[in-house]
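Below: the structure, in structure tokens.
Counting convention: from 1, in listed order, for ligands and their atoms alike. If you read the sequence from its start, that first residue is 1, and numbering goes on from there.
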Amino acid sequence: MAGKDKLIIFDTTLRDGEQSPGVTLNTEEKIEIARQFSRLGVDVLEAGFPVASPGDFNAVQRIAREVGPLMEGREGEGKVNQPMTICGLARSVRKDIQTAYDAVKDAPRHRIHLFLATSDIHLEHKLKISREQCKAQIAEMVAFAKSLCDDIEFSPEDAGRSDRDFLCEALAIAIEAGATTLNIPDTVGYNTPSEYGALIKYLCENTVGAEKAIFSTHCHNDLGLATANTLAGITNGARQVEVTINGIGERAGNTALEEVVMNIHTHPDTYPVYHTINNRLFFPTSRMVSDLSGMAVQANKAIVGRNAFLHESGIHQDGVLKNKTTYEIIRPEDVGVTTGNLALGKHSGRHAFKTKLEELGYGGAALSDAQFQAAFAGFKKLADQKKSGVTDGDMHAIVAEVRSESLASGRPSEQPAPTGTSTELPPDASEAPEVSNQRYTLRTMQVFTGIGIVPTATITLHDSERNQDFTDASLAQNGPIEAVFSAIQRITGLDIDLLNFNVSATSEGQDTLGKVAVRIASAKALREQSETPVEGTLTSYGSVPKFTGLATNVDIITASAKAYISAVNRLVSHNEEDTRASHQDRSVDI
Ligand code: KIV
Ligand code: ZN
């Protein structure tokens, strides 16, 4: 790109994003998301905070080893043409830095990101150190990090409220000690765009050695200004942006990756930078993050919200039919939203199904062989049930469910990946085995409900650990779904609180699928937490691990049962192997 600088996209969905209240991802889910980010063209991936717990360390290390070397989707003109840099976060203390390095070092490209607060508010009240002590710690810890690794990023936490001249001094020390990227966090989302832009400009112009480092933005969205602030940072000299998919993150979130990239895409003459992100993967990537994290995307969210390309009013519809540019500034297909919606039917074969998946952004290795096989079986089953055909929305839902199922146990699928011609499905594809390496699967369900009767549910689950089917029944005053959940609790012997229950339709029309997302937590853990709340958490269940489950079906009661069982499998697996837990065991939190 003549005359333009490359903008480095640093994604922190798996670190700052994972700090969103309620988000808990298991290691397999983090790896799946990291793979998608690699295909998307992310330059630097902050994979986690390795010192936080053995589970966090393990996840970052596996991402470094398994995703770090990948080149799928990254080669060619306009692409990044190098592997993703895997980064680990550390406080400015030796143990954190060494642990972050140990976690990322096996990635071909790796980085340590260390931070220390510089605002007087943080120095005085949180760290209880003087400015001089702060500078000395930066010098010592950046130098230590540099002795381990070439690629060093330093963040003066709460830079947005720090004294500018002190910041310049602190950053000059970091550069002198070996930092190559200087990240400027507006930690509490306090700055306005003109303030933040001016801050970046001032730091670029007044920090000794600034020409040796790349300045980076890191904006939080407390006042809804994260994207605007990030763009102001770019205009004023930043060449790296720290972002998350769907803008998830602490409190009101971080800057949304897709918003920054599509602003640059839409205004190529406004910003002095180009990017190498494959924006056509935004929609499937957004869905994946939302489905696996359990953080729903608001319908009117820019770029990836359900309504982002819908035109409701007659005048708008008329305009778009005459010429799309009347009311569309972005072509939906540029962000992976398909509007053609040519439905597949029960006679569609594997080839048509695969082509459709590719069109929707699930090409290449986006699905493992086992996941593809299960998705095709799910599609065939659905195509038999739905007269009007399987829509794009249904296809996204099928993929989401297959992924969620296969990752629920936190272990890689134990189903051997079929090879060669054995990937062919049996003649009746609906008989194909489901991708399942989970503790419980639904065998049968009978539900009675109506007006003037007490709803009851009888359920049989297969317990893979005991290799046996178990049946129990329950009644509930509040409806059939409560009865179903209660019967599942009786069989599993678990005491569970339902934190969230969401039903949506995957497409339009009467035979649309119901998509159910649930979030649960152990009732005992919640009780203990509310008796001894963790300081600094906002809710009474602040640090208790939560588990999501997702399922789709033409029948929403079946979808609800399957989603609940999927969440239960996650909970059980977490309890079994608590070293993989990411929140409960955290010995250190930011
Ligand atoms: O918001 C913040 O200050 C951070 C730092 C750890 C970079 O996330
Ligand atoms: Zn942050």
From Glu250, does some N, O or S atom reach closer than 2.8 Å to the Zn ion (ligand 2)?
no
Could you list the atoms of ligand 1 found under 4.0 angstrom from a heavy atom of Pro185?
2 (C), 3 (O)
Could you check Phe37 against Asp43 for side-chain contact (heavy atoms from CB on, under 4.5 Å), going step by step and ending with a plain yes or no?
CA-CA 9 Å; Phe37 288 165; Asp43 297 282; over 6 Å; no
In Asp16, which N, O or S atom comes closest to the Zn ion (ligand 2)?
OD2
Taking the Zn ion (ligand 2) as the reference point, name the nearest N/O/S atom of His220.
NE2
Polar proximity ligand 1 side, [X] side, N/O cut 3.5 Å exclusive:
{"X": "Asp158", "answer": "no"}
{"X": "Glu157", "answer": "no"}
{"X": "Asp16", "answer": "yes"}

Taking Ser216 as the fixed residue, which of Thr230, Thr181, Asn183 is the one that meets the side-chain hydrogen bond (donor to acceptor under 3.5 Å, both in side chains) rule?
Asn183
Please work out, at 4.0 Å between heavy atoms, whether the side chain, the backbone, both, or neither of Arg91 comes within that distance of ligand 1.
neither
Taking all non-hydrogen atoms of both residues into account, name the closest pair between Cys87 and Val104 and its distance.
C-CG1, 3.7 Å
Is it true that the side chains of Thr244 and Asn254 contain a donor and an acceptor less than 3.5 Å apart?
no
Keeping Lys126 on the side-chain end and Leu123 on the backbone end, is there a donor-acceptor pair under 3.5 Å?
no
Can Glu250 be said to touch ligand 1, with heavy atoms closer than 4.0 Å?
no
Ser573/Asn26 under side-chain contact (heavy atoms from CB on, under 4.5 Å): CA gap, chis, key distance, verdict
CA-CA 10 Å; Ser573 144; Asn26 69 33; 5.8 Å; no
Is Lys201 atom NZ crowded by more than 12 heavy atoms from other residues, nucleotides or ligands, each under 6.0 Å away?
no
Which is closest to atom 1 (O) of ligand 1 in terms of heavy atoms, His220, Glu153, His113?
His220
